[in-house]
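In what follows, a structure is listed as structure tokens, so that the remarks can point back to it.
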There are 2 protein chains.
Amino acid sequence: MPATIRDVARASGVHISTVSRTFSAPHLVNPETRVRVLACAEDLGYRPNRAARALITGRTHNIGLIVADIANPFFPPLIKAAEGQARHRDYHVFVADTNEDPAAEEDLVHALAKQVDGVLLCSPRMSNSLIEQVSREVPVVVINRQVAGLPCVMMDVGQGARAAIEHLLGLGHRRIALLGGPRGSWTAREMRRAASAAARGGGAELTLLGPNQPTETGGGAVAEQVRRSGVTAVLAYNDLMAIGLIEGLDALGLRVPQDVSVVGVDDIALSRLTRPKLTTVATPTAAAGRTAVDMLLQLDSDAPRGARGRGAASGDRRTTAQVMLQTALVVRDSTGPVPAPGRDGTGA
Amino acid sequence: MPATIRDVARASGVHISTVSRTFSAPHLVNPETRVRVLACAEDLGYRPNRAARALITGRTHNIGLIVADIANPFFPPLIKAAEGQARHRDYHVFVADTNEDPAAEEDLVHALAKQVDGVLLCSPRMSNSLIEQVSREVPVVVINRQVAGLPCVMMDVGQGARAAIEHLLGLGHRRIALLGGPRGSWTAREMRRAASAAARGGGAELTLLGPNQPTETGGGAVAEQVRRSGVTAVLAYNDLMAIGLIEGLDALGLRVPQDVSVVGVDDIALSRLTRPKLTTVATPTAAAGRTAVDMLLQLDSDAPRGARGRGAASGDRRTTAQVMLQTALVVRDSTGPVPAPGRDGTGA
DNA sequence: GTGAAAGCGCTAACAA
DNA sequence: TTGTTAGCGCTTTCAC
């Protein structure tokens with residue numbers, strides 16, 4: 001039913017290769033021929049079949065975007081930005097959800113590999129070595145993780161965690177807890193490292209709680225632990241956990257920020273809408289999505305491809321960019337001065 | 001670099017057509033040959049190229065999912081559910097964002113058409129006639145809208161709106177406002193119709209405010225109008241607007257639910273986390289995503305396709321299902337009894 | 001049960 | 001500037 005290149009050729013009285021050129025190398029065809037072909041194409045509603053084209057050019061003009069959980073509010077802005085940037089460059093985006101399952105990540109990369117020019121791996125839970133391995137099958141840009149030798153887009157959560165701890169120190173807190181994230185998370189590791197250093201430098205004690213599910217439920221689940229630990233402030237792995245924790249503390253009769261200060265990470269839209277409004281480390285998720293797409297497409301345009309170009313210099317290691325995006329502490333209402341001794345929730 | 005069917009054929013000493021059969025019609029090949037071929041394939045890391053296969057079978061095993069705004073919290077659960085269901089059936093999903101732009105919707109369908117077996121149109125802003133038109137190019141399932149002759153998955157927001165109004169009537173409210181949604185929204189129209197009827201039936205006066213942007217900002221923007229209108233309760237087009245409205249009313253010194261009751265629609269995750277917790281009409285978004293995928297794939301398996309089957313009975317109108325999913329009112333803390341006269345925010 | 005051959009829609013040498 | 005030819009990776013008749 002849909003018109004093919006042959007239909008257009010027939011209608012405009014030229015060979016199919018001329019039609020092909022009209023679309024993929026217009027400058028190589030006589031202007032008059034071109035307008036005629038274009039008119040016929042328009043007429044028939046012809047659009048080149050990208051899949052057929054990909055078969056020979058080696059470029060699909062598709063990319064894959066693999067995330068742990070589409071419904072986690074951290075990801076949608078990233079997905080939206082990546083998709084927008086990709087489409088702006090005339091690429092379509094496969095989105096896939098792994099449900100936080102490392103094995104699903106690997107499967108997905110393999111399944112998508114033939115249909116895409118590259119894959120964006122967001123906050124992968126796979127091991128670094130596995131990532132390197134799959135990156136030999138299809139170009140990969142990693143988001144939210146550093147993998148040596150691979151292009152990566154990271155957010156400087158280390159700096160963010162430091163800023164958060166210093167903010168808490170400045171409010172007088174000396175007993176602080178870090179609500180860790182999921183096992184295998186690069187972000188969680190970076191936060192831990194930076195928060196520990198900052199706490200140590202400020203003469204504060206940092207209690208590590210975790211690993212935890214990076215969700216509201218995960219945050220609520222540790223409320224009791226937080227209470228028992230006697231800390232006066234908490235830095236959570238992300239906003240969702242922070243919000244869950246605040247709810248949990250509330251249920252235990254502890255007020256935020258009067259009894260306990262809580263800081264999140266990500267600055268999801270939600271963090272502005274809860275009561276109290278959340279103090280959090282804003283991460284540039286949309287920028288990360290755009291940047292990652294640009295890097296992937298850059299990689300792609302460098303790489304030799306296609307039926308003919310195969311086996312050429314495709315193995316050369318070009319300098320692989322690693323980008324670190326800045327974060328910023330946003331102080332809202334969930335942090336406050338350390339409570340006076342005796343006023344804390346564990347006492348009277 | 002990636003292994004092709006020919007590599008496998010060479011390695012296992014059979015013709016490529018035998019390898020092909022091993023994957024697409026295993027029962028037609030001798031068990032012994034089959035295991036040998038499979039072993040070689042495994043060995044070489046061979047996976048059939050779906051795009052090449054699609055060229056001849058006419059089935060891409062991809063679907064398109066077109067939404068107005070990925071970052072609108074209403075959509076991610078739907079996207080997640082649809083993607084999960086699709087992948088469960090061995091389909092990959094292109095996700096595209098139109099930024100609420102009807103023209104972008106049309107472009108996207110055309111751009112995706114050749115690469116997918118069908119498209120899911122979520123809350124489309126296009127006209128019905130345009131939807132019918134594009135549905136002739138590629139199978140379409142419409143979500144959140146009724147289009148005659150096309151398969152549709154709807155949520156019964158009419159019933160939901162009625163339940164919400166009745167809930168408010170039961171609390172004594174007689175002056176109620178309906179915060180309308182965006183222009184061209186089927187949901188907005190259904191809500192208006194049902195809410196008007198229910199209000200009339202209950203002897204209440206319904207003030208229509210809108211159309212509005214279906215966002216938090218859109219909700220906040222009408223707070224002043226709501227105050228001036230003197231209503232004691234508001235039914236908002238969606239939760240985001242309801243939450244924005246509550247914020248806006250708060251800024252004007254009006255308390256929810258003491259001064260004004262507010263009901264949302266959708267029951268997004270967020271609605272459980274704000275203060276007050278939102279009373280809202282829960283819509284089964286995940287179920288809608290799954291159902292729509294199932295309907296699309298059903299359609300797909302009915303349709304004759306492929307290079308050979310072309311032009312057969314592809315024009316026949318099979319009975320196109322239209323599914324209406326139930327909604328449910330969830331009463332939380334943003335609704336309460338009508339304030340006693342004199343206590344309302346416009347007075348002392 | 002397997003191989004030979006044609007061809008899906010398209011691009012890319014090469015020749016004219 | 002245009003046409004000819006070969007072929008991307010795969011499936012599917014049709015013989016054998």
Side-chain angles (χ1 to χ4, degrees), chain A residues 1-38 41 44-61 113-115 117 304-312, chain B residues 1-38 41 44-61 113-115 117 304-312:
Chain A
M1 196 77 228
T4 79
I5 198 171
R6 243 174 290 270
D7 299 322
V8 179
R10 202 172 309 127
S12 48
V14 297
H15 194 265
I16 60 163
S17 55
T18 301
V19 179
S20 172
R21 275 188 286 262
T22 305
F23 285 92
S24 36
H27 59 279
L28 292 181
V29 43
N30 184 311
E32 291 169 20
T33 317
R34 186 166 54 208
V35 294
R36 188 154 40 89
V37 171
L38 252 16
L44 297 168
Y46 168 77
R47 304 193 167 230
N49 182 326
R50 286 174 170 226
R53 176 183 282 179
L55 210 48
I56 187 154
T57 62
R59 319 201 97 93
T60 62
H61 265 243
K114 292 270 192 13
Q115 286 192 88
D117 296 337
R305 279 286 187 106
R308 333 271 163 174
R310 215 89 69 68
Chain B
M1 196 75 229
T4 79
I5 198 173
R6 244 174 288 272
D7 299 322
V8 179
R10 203 172 309 127
S12 48
V14 297
H15 195 263
I16 59 163
S17 53
T18 301
V19 178
S20 173
R21 277 182 216 113
T22 306
F23 285 91
S24 36
H27 58 280
L28 292 181
V29 42
N30 183 311
E32 291 170 21
T33 316
R34 186 167 53 209
V35 294
R36 188 154 41 90
V37 170
L38 251 16
L44 297 168
Y46 168 76
R47 302 189 168 235
N49 183 326
R50 287 173 170 228
R53 177 181 282 179
L55 210 48
I56 187 153
T57 63
R59 320 201 96 94
T60 60
H61 265 242
K114 292 272 193 8
Q115 286 192 89
D117 296 337
R305 279 285 186 109
R308 335 272 163 172
R310 215 88 70 69

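Labels below follow one simple rule: chain letters A, B, ... track the order of the sequence lines, proteins then strands, and each chain is numbered from 1.
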Minimum heavy-atom distance [X]-[Y], with the two atoms named:
X       : Y       : value
B/Leu44 : B/Ala11 : CD1-CB, 4.1 Å
A/Thr18 : A/Thr33 : CG2-CG2, 4.0 Å
B/Ala41 : B/Phe23 : CB-CZ, 3.7 Å

Pair A/Gln115, B/Arg50 - check side-chain contact (heavy atoms from CB on, under 4.5 Å), show working. CA-CA 7 Å; A/Gln115 286 192 88; B/Arg50 287 173 170 228; 3.6 Å; yes

Can you measure [X] atom [atom1] to [N] atom [atom2] for me and round it to whole angstrom units?
X       : N      : atom1 : atom2 : answer
B/Asn49 : D/dG7  : CG    : P     : 19 Å
B/Leu44 : D/dG9  : CG    : P     : 14 Å
B/Leu55 : D/dT12 : CG    : P     : 12 Å
A/Leu28 : C/dT11 : CG    : C1'   : 12 Å
B/Phe23 : D/dT11 : CZ    : C1'   : 14 Å
A/Asp7  : C/dC10 : CG    : C1'   : 13 Å
A/His15 : D/dT5  : NE2   : C1'   : 9 Å
A/Ile16 : C/dA12 : CD1   : C1'   : 11 Å

Among [options], which nucleotide has an atom closest to any side-chain atom of [X]?
X       : options               : result
B/Thr33 : C/dA5, C/dG1, C/dC10  : C/dG1
A/Thr57 : D/dT11, C/dG3, C/dT11 : C/dT11
A/Ile5  : C/dG9, C/dA4, D/dT2   : C/dG9

May I ask you to say what [X] touches in the nucleic acid, namely base, sugar-phosphate or nothing, with a heavy-atom cut-off under 4.0 Å?
X       : value
B/Val14 : sugar-phosphate
A/Tyr46 : sugar-phosphate
A/Thr18 : sugar-phosphate
A/Arg50 : nothing

Hey, which of these two, B/Lys114 or B/Gly13, hits DNA chain C nearer its 5' end, going by closest nucleotide? B/Gly13

Of A/Arg6 and B/Pro31, the one whose closest DNA chain C nucleotide lies more 5': B/Pro31

Can you check whether any acceptor in the base of C/dG3 is under 3.5 Å from a donor in the side chain of B/Arg21, or vice versa? yes

Side-chain N or O of A/Ser20 less than 4.0 angstrom from OP1 or OP2 on C/dT11? yes

List the steps, then state whether side-chain contact (heavy atoms from CB on, under 4.5 Å) holds for A/Ile5 with A/Val8. CA-CA 5 Å; A/Ile5 198 171; A/Val8 179; 5.5 Å; no

